[in-house]
Structures are given as structure tokens and as C-alpha cells.
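Notes for the one structure printed next.
Residues: numbered from 1 along the sequence shown. Every heavy atom of this structure was used, including side-chain atoms; hydrogens, water molecules and symmetry mates were not. Values in this document were obtained by computation on a predicted structure and should not be read as measured data.
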Amino acid sequence: MINCRILIACLATSFSSTGVILVVSLLNLLFSHRQVGYYSSYFGFLIFEISDKNLQWDLYMSFGLNFERLYVFFLTMLIIAMFYYMLTMIYLTLNKSKGNQM
């Protein structure tokens, strides 16, 4: 039961960590390009397009997610969750061995 709770906590934490990575990638993508074109980030999962074909604005920007590359999101979540799970197990093992010495 404890391993199940630890696994759920690691998955939730990895979901939020992946969200932070996506937001940082999007902000980097938004502020690093000034010319008209199609740009992608985070292994093609985030897309960003700048065009000047709109009559009402000087530049038109659109951004979104490429759902054909959704596996990148889940793969990142899985890798981060495994990393958090290993760290948690190492911490619990060290904490348990410290408790037995006293």
C-alpha cells in the first residue's frame, strides 16, 4: 500500500515537473524568435508560428501542441517519475537503516 502511494505521488510530481518544463520551453520559444517562420520546441511537441499575412496586425502569432508527438510528454513524465521513485526508495532505505542503528 505504501509503494502504491509513493508511486502515485511520484507520478503527480512528475506531471507537475513536466508542466514546468513545458512552460519554460514555451516561454523560451516565445521570446527567442523575432522573425517570421514556424518554430518548434521540446522535441516538436510545442509549435509556434509567426506570420505577417494578417491585415489587422503587423505580426500574427499562434502557438499550440502537436498531439502527433504526445508520446514525448508521456515519456518525459515516465522518466521523471522513475527518477523520483528511485530517489524516494534510496531516501527511505537510508532513513530506515539510520533508525535501526539507534
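Going from atom CZ of Phe48 over to atom OH of Tyr38 covers 12.0 Å, rounded to the nearest 0.5 Å. Note: Glu68 CD to Ile47 CD1 = 9.5 Å, rounded to the nearest 0.5 Å. Separating the CD1 atom in Ile6 from the OG1 atom in Thr13 is a distance of 11.5 Å, to the nearest 0.5 Å.
In the hydrophobic cluster analysis, where Ile, Leu, Val, Met, Phe, Trp and Tyr join through side-chain heavy atoms closer than 4.5 angstrom, Phe15 is grouped apart from Val24.
Apart from Ile90 itself, the hydrophobic cluster it occupies contains Leu94, where clustering links Ile, Leu, Val, Met, Phe, Trp and Tyr at side-chain heavy-atom distances under 4.5 Å.
Every residue meeting the side chain to side chain contact (heavy atoms under 4.5 Å, CB included) condition with Ser62, not counting sequence neighbours, appears here in chain and number order: Glu49, Tyr60. Listed by chain and number, the residues in a ring-ring contact (aromatic ring centres under 6.0 Å, His included) with Tyr39 are His33 (sequence neighbours excluded).
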For residues 25-32, dump all side-chain donor-acceptor pairs below 3.5 Å to protein atoms at least two apart in sequence or in another chain.
unit_1: Ser25; atom_1: OG; unit_2: Ile21; atom_2: O; d: 3.0
unit_1: Ser32; atom_1: OG; unit_2: Asn28; atom_2: O; d: 2.6

Name the atoms and distances for all side-chain donor-acceptor pairs under 3.5 Å in residues 70-88, with sequence neighbours left out.
unit_1: Thr76; atom_1: OG1; unit_2: Tyr42; atom_2: OH; d: 2.7
unit_1: Thr76; atom_1: OG1; unit_2: Val72; atom_2: O; d: 2.8
unit_1: Tyr84; atom_1: OH; unit_2: Ser17; atom_2: OG; d: 2.9
unit_1: Thr88; atom_1: OG1; unit_2: Tyr84; atom_2: O; d: 2.8

Please determine whether side-chain contact (heavy atoms from CB on, under 4.5 Å) holds for the pair Leu46 and Asn66, giving the CA-CA distance in whole Å, both sets of side-chain angles, and the decisive distance to 0.1 Å.
CA-CA 6 Å; Leu46 293 171; Asn66 184 4; over 6 Å; no

